[in-house]
Amino acid sequence: MSDHPDIKSLVADTINGDQKSFCELMRFHTPMVSATVGRFARNESDREDLAQEVFIRAYKSLRSYKASGSFEGWLRKLTVHTCLDWLRKQKRFQNVPLDESDTLPDSEPDQERNVGSSEALRILHDGMKHLSAEDQTVIVLKELECRSIKEISEITGWSESNVKVRAMRAKDRLRKILIGKGEIK
Amino acid sequence: MTENNHENNDQLGNLFEKASQEEWIPLPGFESRVIARLDREKQSSQIGDIAWRLLPYTIAVSVAVTVLALMSESFEMMYFQLLSDPFTVENLIALL
């Protein structure tokens, strides 16, 4: 998606205290922010909180946005970092040990299990909560947002080789967890 | 890669594909909720800012009041009484 034609003037007006311009900026970018936030968090209130937090941070750090780059790219980075911080906070408060009951399949998974998008996200999130915040971020960006290693590296600031290795290991760990939970064979 | 790995790769890939179709959009009025939160944060940071700026004056006033109290006659009396007979319970209570 390309930037709104007047994006730079909207940014400048927002910096000068014009809330209408900020509302316009939000209206234009809410779909992108909410799509990403919706993959990191599962319940409505967390998603709403996160999306709000992204725009609050954007408002507070608008001066650091360099007009030479794409505003959307800048906001995407901010969105992912806000989600990553949120995941880290979640991990601090709820340390989820992978105990034996988690690794024992509840039942034999169906051969052709037909799940919807929400159910698929629930299954993945239940497995991903056992991974580190960084591993979850890589999985969301690579597998759910289908971003390239290069893009992920640019967004997160991690080296490409780090992203590559992390993505492979995270996916492998997630697969083992989901097999243990009986979600996949 | 073994057949089993292929199979759970497919199943995991299927889950990823389906989960990526999940779409969420905030409830209507999202922009005004963000503006309201921003205003609340601005207000609380302004209050914090004012409190921070007033802190030196608050300390100065507290010090001045304490000094004045120390210099007051009643305190002086209690002080000398305490010096003359420091270990009576009445004196300690009176000083407190």
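Side-chain atoms are counted along with the backbone in the values below, which use heavy atoms only and exclude waters and symmetry mates. Letters A, B, ... mirror the listed sequences (proteins, then strands); counts begin at 1.
- Chosen from A:C23, A:G38, A:S34, A:A35, the residue pairing most often with chain B at heavy-atom distances under 4.5 Å is A:S34.
- In this structure, B:F16 and A:I139 have side chains that are in contact, with non-hydrogen atoms separated by less than 4.5 Å.
- A:E160 has no carboxylate O lying under 4.0 Å from a charged side-chain N of A:K164, or vice versa, which leaves the two without a salt bridge.
- Between B:R37 and B:R33, every side-chain heavy-atom pair lies at or beyond the 4.5 Å cut-off.
- Within the 4.5 Å cutoff, the side chain of B:E41 has heavy atoms near those of the A:K60 side chain.
- Comment: A:D126 engages A:R122 in a salt bridge, judged by a side-chain N to carboxylate O separation of less than 4.0 angstrom.
- Interface remark: A:E53 contributes backbone and side-chain atoms alike to the contact with chain B (heavy atom separation under 4.5 Å).
- Contact annotation for A:D172: neither backbone nor side-chain heavy atoms come within less than 4.5 Å of a heavy atom of chain B.
- Contact annotation for A:V37: only side-chain heavy atoms (C-beta onward) come within less than 4.5 Å of a heavy atom of chain B.
- Only the side chain of A:T30 comes within contact range of chain B, with at least one heavy atom under 4.5 Å from a heavy atom of that chain.
- Contact tally against chain A (heavy-atom pairs below 4.5 Å) for B:E17, B:E23, B:E22: the top residue is B:E22.
- Contact count versus chain B (heavy atoms, under 4.5 Å) is highest, among A:L121, A:L178, A:V140, for A:L121.
- The parts of A:R47 that come within reach of chain B are both its backbone and its side chain, each placing non-hydrogen atoms under 4.5 angstrom from that chain.
- Between A:K150 and A:E154 there is a salt bridge, with a side-chain nitrogen of the basic residue lying less than 4.0 Å from a carboxylate oxygen of the acidic one.
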